[in-house]
Amino acid sequence: MAKSPRYQEVADDLRRRLAGGEWQVGASLPGISELQEEYDVAGLNTIRQAQRLLADEGLLNPVQGRGTFVMALPAAPGDTAVLKQALEELRATLTQTQAALGRVLKHLD
C-alpha cells in the first residue's frame, strides 16, 4: 500500500490534536518553523499544505503575518446528529436564498 504524502500525515495529526483539545477555537497554532521542527520536515510547504487542507475543511484560518487560528474543531467520529442538524439548517437557508433570488430575478424582468 502506498504511503500517504507527508503533508497529509501532518494534516491528519493536526486534526487529531485539534479533536483531542490541544487547541481551542480562537487559539493560534504554533508557527510554521516550530511545526517544521516538531514534524521533522525541511520544507515549509509541507506544513502550509497540511494547514491548507484543514483550512479547506473549515478548521483553520491562516492570516498573513499573524498566524494560523483554529476556527472549528473536527466532529467526533460517529457524531452525525450534529452534522445532520447543521446540514438541515444549511438546506433551509439555501432554500430561502433561492426563493429570494427568484423574486429578485422576476422583479428585474
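Residue numbers run from 1 in the order of the sequence given.
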* To do: Could you grab the distance from atom CD of Q36 to atom CD of E34, nearest 0.5 Å is fine?
  => 11.0 Å

* Asked: Please walk me through it: do E57 and L54 pass side-chain contact (heavy atoms from CB on, under 4.5 Å)?
  -> CA-CA 5 Å; E57 294 174 18; L54 298 180; 3.8 Å; yes

* Asked: Is it the case that more than 12 heavy atoms not belonging to D56 sit under 6.0 Å from its CG atom?
  -> yes

* Let me see the working for H107 and R103 under side-chain contact (heavy atoms from CB on, under 4.5 Å), right down to the final yes or no. => CA-CA 6 Å; H107 178 72; R103 289 190 300 272; over 6 Å; no

* Asked: What do the steps show when you test V10 against Q49 for side-chain contact (heavy atoms from CB on, under 4.5 Å), and what is the final call?
  -> CA-CA 9 Å; V10 171; Q49 283 181 296; over 6 Å; no

* Report the distance from atom CG of L94 to atom CG of L101, rounding to the nearest 0.5 Å. => 11.5 Å

* T46 OG1 to D40 CG distance, which is reported to the nearest 0.5 Å -> 11.0 Å

* To do: Find out whether V70 and L59 are in side-chain contact, i.e. whether some heavy atom of one side chain is under 4.5 Å from a heavy atom of the other.
  => no

Identify all side-chain donor-acceptor contacts of residues 16-31 below 3.5 Å with residues at least two apart in sequence or on another chain.
| unit_1 | atom_1 | unit_2 | atom_2 | d |
| --- | --- | --- | --- | --- |
| R16 | NE | D13 | OD1 | 3.0 |
| R16 | NH2 | D13 | OD1 | 2.6 |
| R17 | NE | E22 | OE1 | 2.9 |
| R17 | NE | E22 | OE2 | 3.3 |
| R17 | NH1 | E38 | OE2 | 2.5 |
| R17 | NH1 | Y39 | OH | 2.9 |
| R17 | NH2 | E22 | OE2 | 2.5 |
| R17 | NH2 | E38 | OE2 | 3.0 |
| Q24 | NE2 | G21 | O | 3.3 |

* Hey, quick one: are V41 and L14 part of the same hydrophobic cluster, counting side-chain heavy atoms closer than 4.5 Å, chains of contacts allowed? -> yes

* Asked: If you look at every heavy atom in G58 and M71, which pair is closest and at what distance?
  -> O-CB, 3.6 Å

* Structure fact -> d(N61 CG, Q51 CD) to nearest 0.5 Å is 11.0 Å

* To do: Quick one: pull up CZ in R6 and CG in N45 and give me the separation to the nearest 0.5 Å.
  => 14.5 Å

* Asked: Which value, rounded to the nearest 0.5 Å, describes the distance between L35 atom CG and L44 atom CG?
  -> 11.5 Å

